[in-house]
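Each chain gets a letter, A, B and so on, in the order the sequences are listed, and its residues count up from 1. These numbers were taken from a predicted model, which means no experiment stands behind them.
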Amino acid sequence: MTSARRLQGGGLIDRSRRIRFKFNGREYFGHPGDTLASALLAQGVRLFGRSFKYHRPRGVIGAGAEEPNALVQVGEGAYSTPNLKATQVELYEGLTARTVNGWPSLAFDIGAINNRLSRLLPAGFYYKTFMWPKSAWMRYEHHIRHAAGLGHTPSLPDPDQYDKRHAHCDVLVVGAGPTGLIAALGAARSGARVMLVDEQSRLGGSLLAAPAIIGGQAGLDWASEVEAELRSLPEVTILSRSTVTGYYDHNFLSVNERRTDHLGPVPSDTPITRERLWRIRAKQVVLATGAIERPLVFDGNDTPGVMLASAVSAYIHRYAVAPGRSGAVFTNNDSGYQAAIDMTNAGMEVRAVVDVRVKAGADVSSAVADLGIPVYLGHVVPSVQSGLQGLKRIELAKLSADGRDILSHKGLVDCQILAVSGGWSPVVHLHSQSGGRPCYQEGQACFIPGASVQDERSAGACAGSFSLAACLQEGADAGVSAAAQSGWPGGYVDVPVAAERVEAALQPLWEVPAGALAGDRVKKFLDFQNDTTASDIRLAAREGYRSIEHVKRYTALGFGTDQGKLGNINGLAILAETLGKSPGEVGTTTFRPNYTPVTFGAVAGRALGEQLFDPVRKTAIHAWHVRRGAMFENVGQWKRPWFYPREGEGMHAAVNRECLATRSSVGVLDASTLGKIDIRGPDASRFLNLLYTNNWDNLQPGRCRYGFMLGEDGMVMDDGVTTCIAPDHYLMTTTTGGAAAVMAWMERWLQTEWPELKVYLTSVTDHWSVMSVAGPNARAVIKTAGCDLNLDAEAFPFMSMQTGEVAGIPARISRISFSGESAFEVSVDANQGLSLWEAIMTAGRDYDITPYGTEAMHVLRAEKGYVIVGQDTDGSVTPVDLGMDWIVSKKKDFIGKRSLSRSDTDRPNRKQLVGLKTQDPSRVLPEGAQLVNTPQAERPVPMIGHVSSSYYSAHLGRSIALALVKGGLSRMGGTIYAHLMDGSVVPATICAPVFFDPENERTKS
Amino acid sequence: MLQIECPWCGARDQEEFQYGGEAHIVRPENPDALTDIQWADYLFNRANVKGVHAEQWCHAAGCRRWFNVLRDTVSYKILAVYRPGEQPPGGEE
Amino acid sequence: MSAKHSPLVEIETPVIRPGSDGQTLFWMQEHAFCVHLNLRGDPSSSGFSEAVSAVTGIALPEHPNTCASSEHCRVAWLGPDEWLLIGVHEDFGHAPLEDRLAPLHHALTDLSGGQTILRVGGENWRDVLASACPFDLHPRVFGEGACAQTVIAHTNVLLMPVKDPDRGEALDIVVRRSFADHLARWLMDAAAEDGFELLAPMGSA
């Protein structure tokens, strides 16, 4: 394989090294500095893929992020990445790539039949044909997507690592072309923190692709000097291979940095991240994102060999590739002439410059005349002819003065490359994302940034200033002023001299009329990736679409991975013409993040897996639970022991054993996760009266009370036991999941509604390790562990608290029970939590003390009918619905009280908490099961409730359940039916929700 | 991602804050004296403005203070921040 | 007196894991078992700040985001009516402070079991934290004498730049006990490329 099209000298490639790679199974080689596209073009490859809808052969059209055609799947297996642009993929040794669209092979593509059938596939075809009947869409969709398919998602887990980084800077400069480089320098010399972000592998932007003289030296040398100075400044950060993908509120921008893609797959034991997603907060932003050349819209403008004029120049200058033996230029402005000059200098035979205008700029005219290139003014290329390897010849025709008609056919011109230029589209994407509205500039026929909405300014080509001299001046001004506005006024930079051409104005020509050779299948492409043509836009307009946003969705214009960087402006201009409006009146579609696709890996970053996806909160006793082989349950962010299986024991056996041990001897639960709030101040009890439904005036020090907290809507929000430590000092417990929200809620009332209350809150959740020792032998275990308190029921009654020592550790001991057993809840400084737990386990050995998890806790509390907020309540349940009127004070005001007498909360037949006993005692209802009144009924069956908690109670030897049932409290003894997913119907008897020890004899003992 | 000026801690990332809805909704002195409709109005009805909105935020991961923010719900620009009990700058809304 | 266990009981130390270039540009060391006292009160009420300075020898920092320190303790601003007092020794000031503050509306709360300190340093510590911390850590805006409450990897933290006597410029991260294991694991993961050293904890009992 030879590099037939590689030039002997020049270019930014290292000819001394060869890089081997494969494309569609064939071996090729390139050099460091090459992209996949440039290396393939160098070896004469012209066909890169098939188009999305019509499966037409496609070649490379661009040289960067704007490329719509040359999409490739790079890498193998887990490392495979779909839909990369060959124009951006840097070569590495052993790279493998294949074209993403083309089956079974690129050269012979079955889908190409769509091209023959294209009259049957107009815009909106899929909507019109397959959306009816609605139910069938799912069936069609699979086949359509398969036929369409762009690339393949790897089926293996991604072995690469990704991360994120927050950054802050005074000035963020986006784009490191001449404008961005000088802006960054002007800003950085002030001492400001400057970030310069550029998507290419090296800085320089347009200077990489086109020769220029800046301040008397080669443009790239100037760029290297600027880069060297920037790198020497400590507060400057330069990110290459990094794309600013989004511009969000308050000058927050996201940057996708590709750190290793140019190196190929990194071994998984090397701790280097493949991509990094930067999250940058900038005080000021300078957008220097340049401009993208527009194609011209004519029949066959998608033929391989038709390329952007600037891309042709880029391949010649940057990559030393002459993309064909012969060429021509088709342009409506002066910049296209450069490609003719470059192609000639690269040894290509340039056979025509076809200029829509009747007059070209003096400088470019004389330059091409000197090279002897024929120029056809007032002419167009209405169509092309192609062979198997792409473009063969172009049609030449004279255009009418108004640009609407072809006056005469002028014959054919042989050429392999047609460099086209329809003018330039400033990259206004980020300006638009920042909230700005691009406005239409008639003279240059392009959209430029409108007024700034955030702290940003555009400079250079992205602001519509296309001459190098103007770019340098604007960049310098923007950098210096951005630094000054960020608080760093000392920036400066001399603007070097750059040659300027005397230019003639561009002449917009949005669509080239069909020529003499036009067949009946004229296709003038706007969006190459989605095969959207000029006639699709006209069809949409004929069918009544007026808004560009609607036309976009109807025709798929701009929907591809290139997001319409090439085609959108042509499309909206054609819509404008059709509607008799100006492009400015039609406006652009909304530019949304991301500018280029971002991988899911970068979005996820390090937040992966059990450990790092979300914080994992652990109690001080966690390590013991792990050693004991506990299975864990997530409760909020906490890991709580769920049950402790013994060898060969399943969940149900373990839970039954833990429940029975607690009821018959003693169990111990790690209750450290409950929220704990220290409440202090002279108004503490007044505050509790407002928060809780019951009365707190008469709670004595050393006594505990259970309370319900409601939202202002009257619905149960949280519950827990609060202990009076001193008249102005209380300790509140909350549910595990509700702790943070309850704390914030309490602070909010204090700070915003009742600032006069003298109350301070402090979260002490993490300070205390709490273990609940429960069961008939609980007292004996605490005694054995060593306690300096009289633990007898009379001296230390239920719902009281004392401070003392257990096993030599200072502790608060509370007689609180969520299990229905005689229980001692011991709280100690969490640094000593593990020690106390181990002491209790040792003390309990003779009683066969059994650690129990949350599942046994749930069973034990359900036997007692204790509710769990968030399981037996769902934000629509009042304390009255739970049958707990006794806890609701009639006398005082409290948050949510007024809502309890609203017409809806007051009505009969609300859902109320009841117990359920299945008539078959071995049948355990699934939680969430729907309850109805009859075993069979006409559909729709009125739903009258659901099962909220359901377990097998080993102690009672039967299943038990709690349920919310309409009017349940008045239906005791009645039968209700649970209709299950498997179609079975389970009858159950409604009963009181307390299944065990209704007199509380155990808890009090 | 907003950047919010905490009246105490200064400009911080939105990630540190918790949103609290419309500001300046005062809990009625004597809820029992209200009709269902008046109570429901306090409970449920909010201005939902397009434009300048007075709202509460809490610097949850910082000083844990609740405060008020004037924010344009269209542009997301923050026009002012002020402490609880204070009136928005520029007088009554 | 029974044994104390730090929140990082499950993470073995010391560990050295060099990064992609064989370097270790990040280190971390737990400073366990300090006395942490949370103080709430009105700094304008007479005798309040005097009580704090009498017991700690430190003037109560009343400016947001500042902290002050002496040889044995530090006081960090947490809010307009809230401070964190950290003492190195076990006998640090709860009782004497409570005595002096008794006439004033205040809340002095022992959180010693509820939080710990991760001290981090090394050439790239700011980059490692920036993997998941939205706060601007640049020395221009965040140096010694400053403190800030923010989040790292969805975990609330208090940050205090310090000079480590052995290792120089460093940062103390005060984190709640239950989150400490998560935060330490996050930082080790984030430091994998730079390389890290996990030192044996200070203050082990």
**Student:** Quick check against the 3.5 Å criterion: does C:Trp83 have a side-chain atom that pairs as donor or acceptor with the backbone of C:Pro61?
**Tutor:**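 Between the backbone of C:Pro61 and the side chain of C:Trp83 there is a qualifying donor-acceptor contact (under 3.5 Å).
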
**Student:** Answer with side chain, backbone, both or neither: which region of A:Gln161 has an atom nearer than 4.5 Å to a non-hydrogen atom of chain C?
**Tutor:** neither

**Student:** Is C:Asp136 close to chain A through its backbone or its side chain, or both, or neither, when contacts mean heavy atoms under 4.5 Å?
**Tutor:**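 Both backbone and side chain.
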
**Student:** At a heavy-atom separation under 4.5 Å, does C:Ala192 approach chain A through its side chain, its backbone, both, or neither?
**Tutor:**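 Backbone plus side chain of C:Ala192, per the 4.5 Å heavy-atom cut-off to chain A.
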
**Student:** Looking at C:Trp125 and C:Leu171, what are the two nearest heavy atoms and their distance?
**Tutor:** CZ3-CD2, 3.7 Å

**Student:** Picking from C:Ser112, C:Gly41, C:Ala107, C:Gly113, which has the most non-hydrogen pairs under 4.5 angstrom with chain A?
**Tutor:** C:Gly113

**Student:** If you measure only the distance, is there a donor-acceptor pair under 3.5 Å linking the side chains of A:Asn251 and A:Lys283?
**Tutor:** no

**Student:** Have A:Arg812 and A:Thr803 got a donor and an acceptor in their side chains that come within less than 3.5 Å?
**Tutor:** no

**Student:** Looking at C:Ala130, C:Ser131, C:Ala153, C:Ser20, which one has more heavy-atom pairs under 4.5 Å with chain A than the rest?
**Tutor:** C:Ala130

**Student:** Do you see a donor-acceptor pair shorter than 3.5 Å between the side chains of A:Glu257 and A:Trp278?
**Tutor:** yes

**Student:** With a 4.5 angstrom heavy-atom cut-off, could you sort out which part of A:Arg193 is near chain C: side chain, backbone, both or neither?
**Tutor:** both

**Student:** Identify which of C:Leu129, C:Asp127, C:Asn38, C:Leu183 forms the greatest number of heavy-atom pairs closer than 4.5 Å to chain A.
**Tutor:** C:Asp127

**Student:** Looking at C:His106, C:Arg140, C:His154, which has the largest count of heavy-atom pairs under 4.5 Å with chain A?
**Tutor:**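 The residue among C:His106, C:Arg140, C:His154 with the greatest pair count is C:Arg140.
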
**Student:** Regarding C:Arg167 and C:Glu197, does a basic nitrogen lie under 4.0 Å from an acidic carboxylate oxygen?
**Tutor:** no

**Student:** In terms of side-chain heavy atoms, does C:His138 have a donor or acceptor partner in A:Glu235 at a distance below 3.5 Å?
**Tutor:**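 On atom types as modelled, these side chains qualify, holding a pair under 3.5 Å.
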
**Student:** Side chain, backbone, both or neither: which part of A:Asp678 has a heavy atom under 4.5 Å from chain C?
**Tutor:**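 For A:Asp678, the side chain is the part near chain C, not the backbone.
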
**Student:** Are C:Arg119 and C:Asp164 ion-paired here, with the side-chain N under 4.0 Å from a carboxylate O?
**Tutor:** yes

**Student:** Please determine, among A:Ser769, A:Pro682, A:Ala830, the option with the most heavy-atom pairs under 4.5 Å with chain C.
**Tutor:**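 Among A:Ser769, A:Pro682, A:Ala830, the one with the most close pairs to chain C is A:Ala830.
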
**Student:** Ignoring hydrogens and angles, state whether a donor on the side chain of C:Arg177 or A:Asn831 is under 3.5 Å from an acceptor on the partner side chain.
**Tutor:** yes

**Student:** Looking just at side-chain N and O atoms, do C:Glu30 and C:Ser6 make a donor-acceptor pair shorter than 3.5 Å?
**Tutor:** yes

**Student:** Under 4.5 Å from any heavy atom of chain C, what part of A:Leu277 do you find: side chain, backbone, both or neither?
**Tutor:**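 Neither; nothing under 4.5 Å.
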
**Student:** Counting heavy-atom pairs under 4.5 Å with chain A, which one of C:Asp194, C:Asp189, C:Thr116, C:Asp181 comes out on top?
**Tutor:**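 Result: the option with the highest number of such pairs is C:Asp189.
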
**Student:** Taking A:Ala167, A:Pro810, A:Pro615 one by one, which has the highest count of heavy-atom pairs under 4.5 Å against chain C?
**Tutor:** A:Pro615

**Student:** Inspect the contact between A:Glu275 and A:Arg259 and indicate whether a charged nitrogen and a carboxylate oxygen are less than 4.0 angstrom apart.
**Tutor:**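 No, this pair does not count.
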
**Student:** Compare every heavy atom of A:Ala188 with every heavy atom of A:Val236, then report the nearest pair and how far apart it is.
**Tutor:** CG2-CB, 3.5 Å

**Student:** Please classify the contact of A:Trp638 with chain C as side chain, backbone, both or neither, using a heavy-atom distance under 4.5 Å.
**Tutor:**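 For A:Trp638, side-chain heavy atoms alone lie under 4.5 Å from chain C.
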
**Student:** Specify which of A:Gln637, A:Lys164, A:His166, A:Lys618 makes the most heavy-atom pairs with chain C at under 4.5 Å.
**Tutor:** A:His166

**Student:** For chain C, which of A:Glu838, A:Arg276, A:Glu747 has the most heavy-atom pairs under 4.5 Å?
**Tutor:** A:Glu747

**Student:** Provide the closest heavy-atom pair for C:His36 versus C:Asp110 in the form atom of the first, atom of the second, distance.
**Tutor:** O-OD1, 3.3 Å

**Student:** Heavy-atom distances under 4.5 Å only: say whether C:Ala190 touches chain A with side chain, backbone, both or neither.
**Tutor:**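 Looking at C:Ala190, backbone and side chain both touch chain A.
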
**Student:** With a 4.5 angstrom heavy-atom cut-off, could you sort out which part of A:Ser672 is near chain C: side chain, backbone, both or neither?
**Tutor:** neither

**Student:** Report which part of A:Arg165 has an atom under 4.5 Å of a heavy atom belonging to chain C: side chain, backbone, both, or neither.
**Tutor:** both

**Student:** Non-hydrogen atoms of chain C under 4.5 Å away: do they reach the side chain of A:Val759, the backbone, both or neither?
**Tutor:**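 A:Val759 touches chain C through backbone heavy atoms alone.
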
**Student:** I need the residue from A:Arg281, A:Arg617, A:Arg279 with the largest number of non-hydrogen atom pairs under 4.5 Å to chain C.
**Tutor:**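 Winner by heavy-atom pair count: A:Arg617.
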
**Student:** Using heavy-atom distances under 4.5 Å, tell me whether A:Leu612 contacts chain C through its side chain, its backbone, both, or neither.
**Tutor:** both

**Student:** Side chain, backbone, both or neither: which part of A:Thr673 has a heavy atom under 4.5 Å from chain C?
**Tutor:**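 Contact with chain C involves no heavy atom of A:Thr673 at all.
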
**Student:** Only pairs of heavy atoms separated by less than 4.5 Å count here; which of A:Ile272, A:Val616, A:Thr270, A:Asp829 has the most with chain C?
**Tutor:** A:Ile272

**Student:** Between the side chain of C:His63 and the main-chain N/O of C:Trp77, is any donor-acceptor distance below 3.5 Å?
**Tutor:**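 No.
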
